[in-house]
Each structure stands twice: as C-alpha cells, then as structure tokens.
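Note that this is a predicted model, so its numbers are computed, not measured.
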Amino acid sequence: MTTPSTHLREDLDSVVIRFAGDSGDGMQLTGSQFTAATALMGNDLATFPDYPAEIRAPAGTTYGVSGFQIHFASIDIMTPGDAPDVLVAMNPAALKVNLDTLKRGGLCVVNTGAFTKGNLKKAGLEANPLEDGSLDPYRVLALDITKMTLEAVKEYGLGAKDGQRCKNMWTLGLMFWLFGRDRQPTVDWLKQKFKKKPVLADANIAALNAGHIYGESAEMPSGIGTYQVPRAELAPGRYRNIEGNQATAWGLVYGAKLAGLEVFYGSYPITPASSLLHHLAKLKHFGVTTFQAEDEIAAVCASVGASYGGQLGVTGTSGPGVALKAEAIGLAIGVELPLVVCDVQRGGPSTGMPTKTEQSDLLQAMWGRNGDAPLAVLAAATPGDCFYMAIEAVRIATKYMTPVILLTDGYLANGAEPWQIPDLSQFEPFPVNFRTDPEGFHPFVRDEDTLARAWAVPGTPELMHRIGGLEKHHDSGHISYDPNNHHKMTKVREAKIAGIQKDLPDAKVHLGEDSGELAVVGWGSTYGAIHQAVEQVRASGKRVSHVHLRHLSPFPPNLAALLSRFDEVMVPEMNNGMLDKVLRAEFGINAQGYNKISGQPFYIGELVAAIEARLAGKNPNQMYDAHGSAHGAEA
Amino acid sequence: MTTPSTHLREDLDSVVIRFAGDSGDGMQLTGSQFTAATALMGNDLATFPDYPAEIRAPAGTTYGVSGFQIHFASIDIMTPGDAPDVLVAMNPAALKVNLDTLKRGGLCVVNTGAFTKGNLKKAGLEANPLEDGSLDPYRVLALDITKMTLEAVKEYGLGAKDGQRCKNMWTLGLMFWLFGRDRQPTVDWLKQKFKKKPVLADANIAALNAGHIYGESAEMPSGIGTYQVPRAELAPGRYRNIEGNQATAWGLVYGAKLAGLEVFYGSYPITPASSLLHHLAKLKHFGVTTFQAEDEIAAVCASVGASYGGQLGVTGTSGPGVALKAEAIGLAIGVELPLVVCDVQRGGPSTGMPTKTEQSDLLQAMWGRNGDAPLAVLAAATPGDCFYMAIEAVRIATKYMTPVILLTDGYLANGAEPWQIPDLSQFEPFPVNFRTDPEGFHPFVRDEDTLARAWAVPGTPELMHRIGGLEKHHDSGHISYDPNNHHKMTKVREAKIAGIQKDLPDAKVHLGEDSGELAVVGWGSTYGAIHQAVEQVRASGKRVSHVHLRHLSPFPPNLAALLSRFDEVMVPEMNNGMLDKVLRAEFGINAQGYNKISGQPFYIGELVAAIEARLAGKNPNQMYDAHGSAHGAEA
Amino acid sequence: MTENPKLTRKDFASDQEVRWCPGCGDYAILAAVQRTLPKVGASLEKTVVISGIGCSSRFPYYMSTYGFHTIHGRAPAFATGHKLANPEVDVWVVTGDGDGLSIGGNHLLHLLRRNVNLQIMLFNNQIYGLTKGQYSPTSTVGKVTPSSPLGSVDQPVVPVRFALGAGAKFVARGYDVSKKLGDVLEASYRFQGTGFVEILQNCPVFNDGIFELITDRKTGPAYQLWLEHGKPMVFGKNSDKGVRFNQATFSLEVVDLGGDITEADLLVHDETNRTLAFLLADMPNVVALGVLFREEGPVYDESVRTQRKLAEDKFGTPDFEALMRSGHTWTVS
Amino acid sequence: MTENPKLTRKDFASDQEVRWCPGCGDYAILAAVQRTLPKVGASLEKTVVISGIGCSSRFPYYMSTYGFHTIHGRAPAFATGHKLANPEVDVWVVTGDGDGLSIGGNHLLHLLRRNVNLQIMLFNNQIYGLTKGQYSPTSTVGKVTPSSPLGSVDQPVVPVRFALGAGAKFVARGYDVSKKLGDVLEASYRFQGTGFVEILQNCPVFNDGIFELITDRKTGPAYQLWLEHGKPMVFGKNSDKGVRFNQATFSLEVVDLGGDITEADLLVHDETNRTLAFLLADMPNVVALGVLFREEGPVYDESVRTQRKLAEDKFGTPDFEALMRSGHTWTVS
Ligand SMILES: Cc1ncc(C[n+]2csc(CCOP(=O)(O)OP(=O)(O)O)c2C)c(N)n1
Ligand SMILES: Cc1ncc(C[n+]2csc(CCOP(=O)(O)OP(=O)(O)O)c2C)c(N)n1
Ligand code: SF4
Ligand code: SF4
Ligand SMILES: [Mg+2]
Ligand SMILES: [Mg+2]
C-alpha cells in the first residue's frame, strides 16, 4: 500500500479512494463507474459501498452520508483497503464523517460549493473545516465543483436541480484524469441510461468531460499530479465484476442445472438479501420461479412445499428472517427434504444495523432450532466465491436430502470484485434421481452411503406416501412414538449430516505451514483481510498460518488434526465470538477470538496488530475494546 | 428397591406401580387418586404420566395406551422409578406395551374382561398373552374387572358405557386394599366431582368399595398379599402434591409479588406448556392478566409490550414456539426490557413427539437468535423447584432488565411430587424501582452495578423516550450507526449478562467431594435420576460426584474451577449432547455426554451402568445406542 | 382429469388406523372427501393433501394419496409452493379454526387473495381440539374453557366473512354430517382458483353439540339456508321460509312465506355478488350453506407460469455462458 | 382526558431530525397527527406511538411522546399487550401496507376483531419503501418493481375491505395531504375500540403519483367521496355527482345529479351498516373517504379488566398462603 506522496509520482502499486457525499449525490453510481473503468484497466480491485439505512435521509446531515470505497492495484488485493489515500468529499457532512479515516498526507478533494453556512450547520460543524486547520495534515484540492458543473451544463437548459445532479460526473471526470482511466465506457453507459432523455445524457457527459478537462488544464496545487496504477497480474481469462448476491443467485441457478432441477425461490424482502430476489426474478427463463411471500415463514414453507414437489426449494433472507424460519427449517430437517437457506448476515441483535455487515448468525445457523436439528452450514469467502458455494449448497442439499444454510453477509452481498468467469465445463453434474420404483419403497428408505432418504414426488404412480413433522418410524416411515425409534432416528439424522464430511475437501492452509505457532482461522467475508494480514505478519518471519473455512457444518475432515498442530488458534470474527465457541465445542481446542462488532469489515492493519499482540501473548480484544476501530485503523 | 416376592411380606421400602389402559379408561385419574392417597400416608413419591398425542385414540390400540407410573417409598426417592413392581393392565394393548418393563417376578394385575378377540386384534396380538405363557415370569392376578364392576354398579341403572367407566375405581379400590391406602379422600373427591350427577358419584364409590372388598374377601393366588410401605422420613412441615407447570405459574405470580409487579402472561396453547396458561388464567385476582394470543409471536410481542407498560411480561411455550419467538426475544434483548420465557421442552425436532419429554432446547435457548444476543438461562430440577426457579427468573429479569429463558420439560410439567409448602417469609422482596426522576435521564442510562438500564413506564411525566430494535447510542439512547458505538453496546449487553454471575450462588456438589475422578453434571429434570445413580455408584466406593446446574447462562461463579478439579466430566442429557458442548465452548474442559433421546426420562439403572462404563474408560453412548432404553432398563 | 371409474371410496383410505375420538365430526368429513374424489375423477398419485397441525390436520395420514402434515398454521404456504412447483397435481388443504384462523390467518389471507388453484377445507369446531379444549378465534364470547375459566372475551372471527374481506373468489360452507357436503367439495374442486370451504364440525369431546340445532335432522331445516345460484332463497322444513332484502335497514331478514309474501318477494341468490355473500355470511338465526360466492378470475399459479413463458419468449433459450458474459467484461491475457 | 390548552403542534415534535425522503407523504401525516393531538387534549406522557418496521414505522422517533419502534409486522401485538398493561395511556399504532398487511396481516386481523381501544394508522403507499421498492400486498396487478420485473401477478388486498371482513368496528380512510385527515384521526381517537384508518400515502421515490388523480386539488373532487353519517352521498367539484344503490345488480353506482336524479335518490350514508361500508370499500373510480363504518361494541381491554374485577369479587383478596394450601395437603411432623 503506497501513499501518494507530496511529490509527483507516476506509478503507484495500489490506491484506495473513498467517494463520499450526500445520499442524493450519486456516490454509489460514481463509485461503480470508477470501478468499471478500473477493471477495464486491468487492475485488481475490491469495493465497499457503505450507505445509510434511510432511503434518502435529509440532505446535508451526517447520517445521510453515502460512501463508496474502492481499492485498486497492480498487485493482488483482497480488501477494499483500510485508510483511503484519496477522499472525495462532496459536502461538509461527508468530510466530517470520513476525514478521520483518510491517511495523513492523503489527498482530499472537496467541493467547496457545498460548504455553505446551512450545510455546515446541518453537519453539526461549528467552524468551517476548510478554514480552521482541520485539513492541514492532508493535501487538499478544494474546488467549487457545484459552480463548475453548473457552468459546464448550462447550455442544456436544465433546472438548477437537474444541473446540480451532474456534479458527480464532473468529479468522476476529474478522478479519471487523476488516475488515467478511460471515459468512454461511462459515456456509453450514460447514453444507455438516459436513452429516453438524451439531454440528460448530454449534460452528464459534458460534466464528465469538463471535470477531465479541468484536470488537464488547471494549475494543480503542488503535490498533486497524475498517477498510474499498472495492470495487475491476474490469471488470464475473461473477467467481469460481480457482487455477492448476484453470484449467489447465479450459483443457485447453475447448481440447480447441475442437479437437473428447477429453482423455486421463496423470499420476503429484507436488507441486505433483497437483491437475491431481484436477481432471480430476472431469470425466470432459466427455469426459476420466484415467489415474494407474505413473510419469511411463508417464504420458507412455500420453498419446502416446492421441494416436496420436486423443485429445488431455496429461501433467502437476513438474520431476523432466519429466526422466523427456524421452525420450518426444523420441519425440513424432520421430513428430510432439500432446502437451501441463504442468510445474508447484517448487524444484530434484533433489527440492529440493517445496512451494516456482521457475521453474527453463525450460532443461530448451527443451533437455532428446537430439538436436535442438525443441518449443513456453508460460508462464502468473497463475492465471487458466492457462486461456487451456492453450487455446493445445492449439491449437498440434493445429495443428502437436507436443508443447507449458506452464510454470506452484507459486505459480500453488495461488494464487487473482478471475477474470472468460470469455465462451466469444470463442473461435474450431480443429477437428482427421483424415486420411481415402488419396489421396497417407503418414504424413509435410505441410501446406504449418504443416508439420504428417497425423494418421491407427488404425481409419481404407486409411491403415494405421507410425511410430516411428527417422529417417523425408521423402517415404515409411519408416525412413531416408540422411544427407541426416536433415539435411532435422532442418531440417523446426526449421522447423515456428519457423513457429509467424507464428501468434503480438506481444510486448506491458505498461507503458511500446516503447523506452527499460530493458526489464524477465519470464515466468510473476512477472508481477504485475514489473508493479507497474515501475509504481512509472515513477512516479519513469524510462524503464522491462515486457515479459511467454507464448510462449517460439518467441518472439513482434516480440521481437528490440522489445528492440533498449532500452538494456538486465533479466530478473528465480525461478531462477539462464535466460531471460536464452535471449535472449542467440537474439538476441545483452545481457540481464542478476536472480535470487531462495528458493522464494518476488518482493516488489515487492525488484524496485523491483533496477530502480533496474540503472538506476544497479549489479548488483542482488550486493545480493540479500548480504542475502537476507526482510530486503530491507521496502525 | 424391593420387589414384592413370592412370599407374603408386609413391609416394603419402595414400590413402583404402573397403571396402564386405554385413553378412555381413566388411568390418569386413577393414578392421581392413588397419588393423593399415598401422599396422605406420608410416603415420599414421584409420578410420571405418559399419554398418547391423540386426544382419544381409537379404543384398544397400542398407540391409544395411556400410562401413569407412581413410585412411593419410606425412603427418599427422586424418580418415578425404573421398572415397575406392579403393572395394572386394563386391556391387551396396555399389557403388550408395558409388559416388557415389568420386573421379573413383579405383579401383573390384568382385566381379563377386556381380553376379547377384537381387543387382541386391535392390539396386534396373534395369541392371547394370558394363555401363551407370556406371563410366566410374573405373578399374575387375572380378574374380570369389567364384569365385577358392572355387577357392583348395576343397582344404579347406568348404561353399559357409564357402568364400564367405573372399572378404574374398582381397580383403584383393589390397589388401595393391596397397599393399605385410605379410600375416604377418593370418596370425597368423587362426591365433589359428580356433585351435579350424584348417581355417578354413588356408582363410582360402589365400584371403589367393591374392588376393596374383593381384595379383602377373595382367595388370592399364592404370593399375593397385602403390603405396607412405612412413612418416609420427610422434613417436617405442611406438604402438598405439585406439578411443574403449576409450580411455575405460582412462582411467577409470587416472584412478581416480590418485585411489586403484576403479571402479564401472553401465550398460545401448545403441549406441554398449555397448562401454564390454564393455571394462570385461574389467578386473575392475583393481579394476573392472561392473553391467549393468535400465535406465539403475538404472545411474546404482547408480553414485551406489557413490560414496556410496567408489568412483568411473561410468555410460555414449548420448543417450536420458542423458535417462533426468537426474533422478538432479540428485540427484548435490544431494548433491554424484562421478560420471562418459559420453555417447557418436548421431543423434537419440528413437531417431534409433543407429549414426550426432552431437553433439546438448550442450544436454542442459548444461541437461537440472530446477532450477538445474550440472555439469562435457568433450568428447574424438579416439579417443586419450578416454583423457586420461576421466582429466580423474575428476579433476574427485573433486576437486570433482560429476557430470561426458564427451561423446564414435559416430565416436570406434568409430573407431580410431594412438595413442602414453603415458608413465604424466607423470600427477600426485590422491588422494582421505576424511573421517575427526569434528572440525567435517557433510556439507556445504566445502573453502575448491574448495568441495567432505567425502566421508565409510559405515563410517567417528563421521561418520554423512544426505544426500538435499531442500535442505540450508548449515551443518548438515540439510533446510532456509529461503528464504535455498536461494538461498545454489544460488549455492554454481554457484560450485563455475564455480570449476573456475581449475583448467583456457587454450583453445588449435591453428592460427593468437590474433586475426584468423575463429575456427573446434569441440569433440568434429570436431577433425581442422576442423583440416585451417583449415590448407587458411590456406594461401591467410586470417587464420583454429582453437580447439578440450575443457572446455565451465566454459569455459577465457581463452576470452571470446580469442574477442573475432576479428572473427567460426564454430562447425561435427554438430548443428543448439548450441555457438554456448552461446557466445552465456555471452559474448554473435556466434558462428555451420555445421551438418551427417547422421549423418556432416564432410568437409574441406565445411568448407573453408564457411569460405571465411563469410569471403566468406555463410551456409554455406544452401549445405549446399540441396545436402546427399554431393554437396558432392568440393569 | 377424466373420470376414473376404477377407483372407489375405499381406494382413498390409507392403511393407517384413524385416530380421532369416537364420534368426532372429522370422520364424516373424511368419508365425504373419500366419496367425492373418485366421483370427480381424481387419481391417487395426483392428489396431495396438505395440512397444518390440529386434530383435523391429521387428515393426510388417513388418505392413500400423497400427503404432507406440516407445521401449525402454515399449510397454505406449503400448498402454494407445492402447487407452483408441481402444477399437475390436485392440492387439498386441510386446516382447523385454530390452525387456519389463529396462527395461520395471514397465510390464509394471502392464499385467498392470490387465488391459487387448490381447495381449502377449514374444519370449524370452534375449539382447539388437539391441545385439549382452549377457546379458538371462532369460539363464541363467554365460552368457558381451560384458558378462559370465566368465559372468552374475544369477539369471534366469522370465517366466511373473513374470506370475503380477504378477496376470496370461491367461498362456501357445509357441515360434517351433511349429505350435501360432497357436492360443496366438488364445486370447490371444479372451481379454478382457491376454493374455500368452511365445514362446521362437531367436537364431541371439547365442544359437543354447538351446531346441534343446525345439524339435527329435526331442527336443522329451520336453520339451514341452502343457496342455489339464480334461485330464490327459500328454506324451512316445508319450504315455508324465505330471505328478503330490506333496503331501509340495508340488511337481510327472514320471512314466513304464505299470506302477503310470496317467492317473488324473496332475494334471488347471485353467487357472483360479493356483497350479497357478505350479507349471507353472518345472518342471525340462519346459516347460509352451499356456495355463497364464486367469481372467476386470474389464477395465481397460472399467471406465474404464463409470466415464465413470457420471459422465455422475451429472453429466449437460457444461456448461462451468455448470462455470465453480459454487461462489462474484459480479458486478461 | 381534558383539553390541554398549553400544548401545541410543536410540542409533539421530538428533537430528532425527520429522515424521510424529501416530498414523502409521511411528512404530511406526521403534521396531521401533531396537529390533532393537542386538539383532542392528548398529553405527551400519556401518549405512546407503537410501530413496526418500514419508512412509515420510523414515525415514533419524530414524536416527543413515548414510542416503541418494534419489529416487522408485530406492532398490533405489542400495542395490545401495552394497552392491557397500561390502560391509562393512549396508544397509536403506525404501520405500512407491507408491515400491516403482508407480514403483519394476522396480528391486524386479531387486533381488529378483539377491538382493543387504540388507533391504528396504516400508511398505504402500495410499495415497500424501506427495502427499496418491491411491490406490496396493495400494489396493483402489473406493477413493475425489482421483485416483479415483468409486473406483479398478485391480486391486491383492499385494506378497508379486509378490515370489515375481520370484524373491525371503526373503519376510515384518508390521505396524506388531506386537510380533513386530522378530523378522521380525531374520530378514530374518540372511538372506543380499535380505530382503523387507512391513509393513502405518496412515496415519491418508489411509487410516485399513484394517488395523484385522487389527491390533486383539481382532479380530486371528482374522485373523492367524503362520507357523512346520515347525509346523502354527494360529491364532485360542484356537488354534482352522487351514489345510488342499484338493487338489481346489488351494487353501488355513480350518477350525475340534475335532470331526473335528485339527492333524494341517493344513498344516505349509514356508518353503522357493515355491508354498506363493504360496498363503499372498493368502488370503481371513486374513493370513499372519512368514516366508512363505526359500531360501538365491547372493548377488549375493558372486558379483560372487567373480568379481572369479577375474579376479585368472586375469589376475594388474593392470599398466596391459602392458594398453596388449597386442595389436599398433609403435615409431616
Ligand atoms: C407452533 C405451534 N404452536 C402451537 C402448537 C400447538 N397446537 C397444535 S394444534 C393447535 C390448535 C388446534 O386447533 P384447530 O386448528 O382448531 O384444530 P382442531 O384440533 O380443533 O381440529 C395448537 C395450538 C403447535 N403444534 N405448534
Ligand atoms: C422480519 C423482517 N423481515 C423483513 C424486513 C425488511 N423490511 C423492512 S420494512 C419492510 C417493508 C416496508 O414496507 P411498508 O410496511 O409498506 O412500509 P413503507 O416503507 O412503505 O412505509 C420490509 C420488508 C424486516 N425488517 N424484518
Ligand atoms: S378432540 Fe374433538 S376434534 Fe379432536 S379428535 Fe377428539 S372429537 Fe375430534
Ligand atoms: S422511500 Fe418512499 S415512503 Fe420511504 S421515506 Fe422515501 S418517499 Fe417516503
Ligand atoms: Mg378446532
Ligand atoms: Mg408501504
């Protein structure tokens, strides 16, 4: 991570930019366009959209600030970066909220046009930071972007409101100039977007160009010049950007195709899972049925009903919705039907912080049901990995006739990464064999190997049967209150899930040796941050390894043995300590958590400090709890 | 445990009788009357009603068999006994289902009048067990109870149906004679019950007397005589029988009184929790409001709404209902209002075995919610202990402004035990101080000691405030998306629950030393069985101790230290292994489960064998899984 | 589906012993269903019975068809998912007054407004049978039960009125031991959309005789108003009573025929009129039976399928490669 | 509660900045509530606003009274519990078309039939605002949203019709920017029982202008049928239109006044008639506004309290000792 220094430097390895403005300032759009242009330049990149819970909070307030952070580099990167090198602040509130995170010496681009008395007050600022020395530690590019934008678009005769809306494109033009990105894709996109209102397209393009021209022609303050981030060395192939929910949706559809099934997606909108529904609703021609149910309970029940009908029942939601689905998931466990439950986690407890990310549904996924109710739990590591893990969820659900919970989170769901489009021929189909043979059939006859029961779909002649949530006789499938039978069936349900382990790849040591002083064990979206932190610590010669889990129930076959070869196990999580509990419960090993519960992804710097503290025999949590994250970030 | 032998013996230490018949045969009534009479004789006793899920299953079928087991003794007993000494079988199905469990040499009282061809067929019996030698290992009293009953009641001119209904009283009369119990309380009870139909009272009394007279006058087969079980040495005081749900209901009401609150009980009927609602609905004049909600979610929400309104919100249900309540319990955690959730556990997963007992909601209680959502978890050990633990739940909920889950189970709920009526002066009141002072008030100001927030009830002048499930600023109580604040609030919520530990008694070693070879750690309704099993094993000189937990979250302060002083920790549970997981997760100790998932309480014999196996370094679960319970019972 | 002359009532009975209490109204309903299915040409393998939890919801176990005994209150949701996934089968939903109107009221509402093509039989015994006799949302005010020892204070839901308010397109009522129950069920089966049938059902154990006046052979005719589309509303043992609309009070009234009043004065049943059905739903002293309301309209599962076809027409053969390559892509070499 | 002349609209505004989108109809509703409360003599400390989740459900934060922002769809249940526990306070429930009719439909049904003494305002913008614009149970068929890219195929719920079917005893309708909204709210407040008010609300971001014809000053009068008990149903800019009952079709029809038709031919609003309200709930081309239905009846929370008193009278002063000693007891010495 190299910081743009006070001297003009052409080549940078890696840059982190944070666009911040009012909810109405179009920062998410600006960010995505910058991302697209950057991807085309061949950089590796990672992004982090961070927006308020309000749809459109009142202009100018701090809680209405919307941010988009992008990290791009010529090297392999895995996180949207810790502290930004560049902050674009479209108004005082955006500056106030984000300035703290900007690196010392970093570049701060400010729209002075928005620094009116009214806006300062709305942001709760007593003094004007442009004047009170707050910006002294940074390089500042203070421009009246509002005025220059209005100037640039005036010939199109837009009202002041529409004219002002082009500010973000002006800014984007300037940033394109600064980092040498191509404007054309954005021009094309604007034309497409405003197909029906060409004047808006023209005005926005004019603003975009004006920003660029401003950079080309204006006298820049000393220390600010143009930069270049060379292409990253990525594996050759075709790439696209992908967001987690999109990848999950595609993985479900493709997984179902591999299973030879159609997808039934029953869901009820909830942040940050809603876009799963939106993506799937667009794929009806892929054999997808989407059902927007009246609530989460109906959603999961309809999906189980669909699985009984021979489709792949899938339901998606976030934490509060998973809580509501618990009873019905228990039924799916009892009747042993396939079901995929996508849990896009967010900050809890209760409504919590709906637009913020967290990993705090792990224990709920494992154990949040009445009775002994085991199921499979998976977790995706990156936005693109959601595709692969969704396929894996379908595979396990159909092969073992079981519900599978796939954990992702808000950060994966909305975060984008460049993704190598997979070669579809690499995937082995795993077709479902519906039972049609009446010979020896009863609903709970099992495959000897997988212990999966037979899947007989209504409509099939001679296989008529009844299933339900009451305990069933292991042999006839009829209701049974026989004590020994219940014991036996509980053990079979456990054995079936445990048996999936035979079918899983070993846990991988992503970095380092398979034994040593410290194993840093992660799961889910912390993959990138942990990886890079471990890499940094290893660079100083420490015997630290990185193990990342994508299968959480059951765990990979080698996990117990692997972890036992380390002196200590550290589990960083964006929750108050869950996987560490599970590891202790399962393996009796002394796993210790490092926990950040701030609704924000880990910074690499934090993790480096934490790992080093752990190696020095200290408890990194105490450090964290005392100082909090935003401030520890520069470490 | 002495078996009535083939020689006449007057004195017995302890007897186990199992009454079994058709659902329509009135076995539960017979059992309760025998219990009442036995209590009056000064015996210690424990009971176990065991009935089918169907309201009134078709007569004569095995799944329609209803049983009631009573264990009474001159010694201190704690379980309804393993194998019965006496089996009363009112029809072939009852004999078929229960004969296996009768001790060899035990007494089998059979109503031959019900052994018709039709009934044999309904019970799925090819041959008549009265004739095919099945009863050879037992002492048999085969009587045509049907005929003798009809004879006894014929003067009252009842129809055949009503006449037959008196069979159970005839049988009870006989059993009263056999064990020398007083008929008068039953006579009084019959008069009261049939106040409006005195002819039915008379007929039933006549049947009761006839059964008794039969015993007095008939020539008994050799080996059958009258027995006597001397009074038990119970602590002096006033006693009554109490069932778990009744005790919970009373404890809630009395706990609320100690807190100075009224009870709001929101609930939706579900087996085996419904009678909590029934008991509380009868106590309206104690300041109780019961609200039969449209579902479990409404029930818990209404209760939280009532807590916000200054009453003690309580909700009760069983496992599937707890699953449904998870989201709202999370809200109560987030807004920090008192709430008591009674979970009367039953066999799971899903609908499972509604009328059977199980302890399989422990993990759900601990962790079955989205987000980091800690709360307090308690568990009652015996029916009478439900009273004390309900009071404790109220105390913790109000003192710490937190939801508390009180775990009981179907066995406690319906099981009765003689209970010494507590001296109410022993209870220290713990009055709630509602906030009324506006000075320095905001909704999340906390008591420094308990970390409880202020409880300000709408209607209080000048304390108007808003609460909700979104994260709140630790200082102002307003909605906050500040990352560090969320971290801080999560830690505070954790610390508040953890801090309850300071306020708890140490875990008690109920039997044995506070260190040794093996600690057998239990919770909930297995208390009695484990206790007696440990006692038996200790009698053979083994260094085994019994630790029983009533506080599960947080654990008692000394628990970690205590358990670390044992070489091994064994956790018998009526589930597939839950407390052992929690102990490993919390303390990293090597706790091993012994698990019976049959919907039936542990037999002492099973536990003795399991403990001995564990001491011998074997895994008792393998034993159990292979042989199952009913057959291992005689061990 | 064509008439299948080979199947009889017995073919629809499973090998499981029926486990309701002796005398329970559920037996008669089971018999009516088992009689009706062969009549309408249903097949065993293409019939699915989906239920919630309750005495009534044990129904699927006694049918030799496919069946799914789900969880409390949620049968409409399972059934909707099933019908969407497996459109070729006939779906019958069985629910109770607690299952369908207490915990499951919301799913019922949404099933009815969506108009999924299936039948729903709501067994109304005005009590929670399976949990031993607590009052239900259809219990009358004052009902004494273990959970209402001093009498229930809840105003009851009128199932048929609720259904009409929810937008149901087929609303009918029958009772357990009625000879015409089969006809009502048949009508619900023939209807394209959700056929909602309330069935008054006696629970001899916990709520015995509450419908006795209505269902008793002797007293019944004076209470049963059997509706027929296009026919004047006549009833009574000797067809001597009728129903008239009083515009002044904007309500229905029962009149004695003969004297001044003739059939011509009576209201003619128009089963396509929701308001009329609403009036009939809750008449004092008389119970409207048969088809109260029937309105053809878009069927949810068909619309969903049509839309899928539309998407297929619009977007063509699904091409997963192409999907992944849509939008901006770039090549690294 | 007596008029409190000291409080003004501003006193009911909290210190929290209102965070709805610019132009959102919720602002006008908030203002109407804040205007109405001082008028009816409400006090700050005895007012509690309870909401679910949604844009609309942020309402309590903007009121300086007590407030509880609960979970999605469950506000009616929290409110019921609260009112039972704390009868002295006025409870206002705020919900949305998604909150109240999708996930929360069942609780709404049971609140309405129980008739708990509180007010419920259902903000109907025919969309899920907070989750960014998916169709809701009140969205029209064909509505294109992110979750229905080819148009919704769900038949919408008509909130007022649903309420009437559920047995609600006070049913009214208004719209966000209406001057009369305060009056409607006041009427709901004065009603003893559950005052259900549907409020048509514009969501300029995700569903802009759907009610424009109705709420626009110019076009509005031709669509707004304001009801007054005992008055003939006249409307239109120049009071030149009216509503008549056609007995042949058993339905309402809009007629032009003048010529043959006079006010005497028009239907007179009878707010005590549920069937009439049912007809008015869902008229084509006209929106009935004001109080559609009002029927005095037993109030749930009062009945619960009465029953508690009854128990006190019947069983006397509670004596816990005596309770524990009731039934069989015995002494061991
Ligand atoms: C989630 C859940 N809550 C509660 C129950 C308990 N329960 C089972 S059936 C029932 C009510 C049954 O009443 P109804 O639907 O009227 O059916 P009936 O037994 O009268 O036929 C209840 C409350 C349950 N099984 N699951
Ligand atoms: C259990 C649960 N499910 C889903 C959500 C997500 N959610 C929040 S508000 C909402 C719908 C809001 O629509 P509406 O009630 O019409 O309110 P509006 O925003 O339109 O005012 C949904 C689905 C949630 N918060 N909780
Ligand atoms: S309890 Fe009632 S409804 Fe249930 S089976 Fe028995 S008689 Fe029928
Ligand atoms: S999204 Fe719509 S309903 Fe929500 S605040 Fe914005 S304008 Fe209002
Ligand atoms: Mg019922
Ligand atoms: Mg809405």
Engineer: With a 4.5 angstrom heavy-atom cut-off, which part of D:P146 approaches chain A: side chain, backbone, both or neither?
Structural biologist: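 The answer is both parts of D:P146.
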
Engineer: Side chain from CB out, backbone as N, CA, C, O: work out which of these in D:V18 comes under 4.5 Å of a heavy atom of chain A, or both, or neither.
Structural biologist: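 The backbone, not the side chain.
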
Engineer: Return one line per donor-acceptor pair between chain D and chain A under 3.5 Å, naming both atoms and the distance rounded to 0.1 Å.
Structural biologist:
| from | atom 1 | to | atom 2 | distance (Å) |
| --- | --- | --- | --- | --- |
| D:E17 | OE1 | A:Y63 | OH | 3.2 |
| D:R19 | NH1 | A:E54 | OE2 | 3.4 |
| D:R58 | NH1 | A:E54 | OE2 | 2.7 |
| D:H72 | NE2 | A:Y268 | OH | 2.8 |
| D:S102 | OG | A:E294 | O | 2.8 |
| D:I103 | N | A:E294 | O | 3.0 |
| D:Q134 | NE2 | A:H278 | NE2 | 2.9 |
| D:Y135 | O | A:Q292 | NE2 | 2.6 |
| D:S147 | OG | A:Q292 | OE1 | 2.5 |

Engineer: Name all residues meeting the side-chain contact (heavy atoms from CB on, under 4.5 Å) criterion together with D:V158; count only those two or more places apart in sequence or in a different chain, and write none if there are none.
Structural biologist: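 Applying side-chain contact (heavy atoms from CB on, under 4.5 Å) to D:V158 gives D:R161, D:D282.
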
Engineer: Let me know if D:C24 has heavy atoms under 4.5 Å from chain A in its side chain, its backbone, both or neither.
Structural biologist: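 Neither part.
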
Engineer: What part of D:L101 gets within 4.5 angstrom of chain A, counting heavy atoms only: side chain, backbone, both, or neither?
Structural biologist: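 For D:L101, neither part sits under 4.5 Å from chain A.
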
Engineer: Taking only residues two or more places apart in sequence or in another chain, which ones pass side-chain contact (heavy atoms from CB on, under 4.5 Å) with D:A168?
Structural biologist: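 Here the qualifying residues are D:L112, D:A163, D:V171.
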
Engineer: Identify which part of A:I270 has an atom lying under 4.5 Å from any heavy atom of chain D, answering side chain, backbone, both or neither.
Structural biologist: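 Interface part for A:I270: backbone (N, CA, C, O).
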
Engineer: Which atoms of A:A293 come close to chain D, meaning under 4.5 Å heavy atom to heavy atom: side chain ones, backbone ones, both, or neither?
Structural biologist: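 Just its backbone gets close to chain D.
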
Engineer: Hey, could you give me each pair passing salt bridge (Lys or Arg N to Asp or Glu O under 4.0 Å) that has a residue in residues 163-178 of chain D? Not counting sequence neighbours.
Structural biologist: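 Checked against salt bridge (Lys or Arg N to Asp or Glu O under 4.0 Å) - neighbours excluded - the pairs reaching residues 163-178 of chain D are D:K169-D:E295, D:R173-D:E198.
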
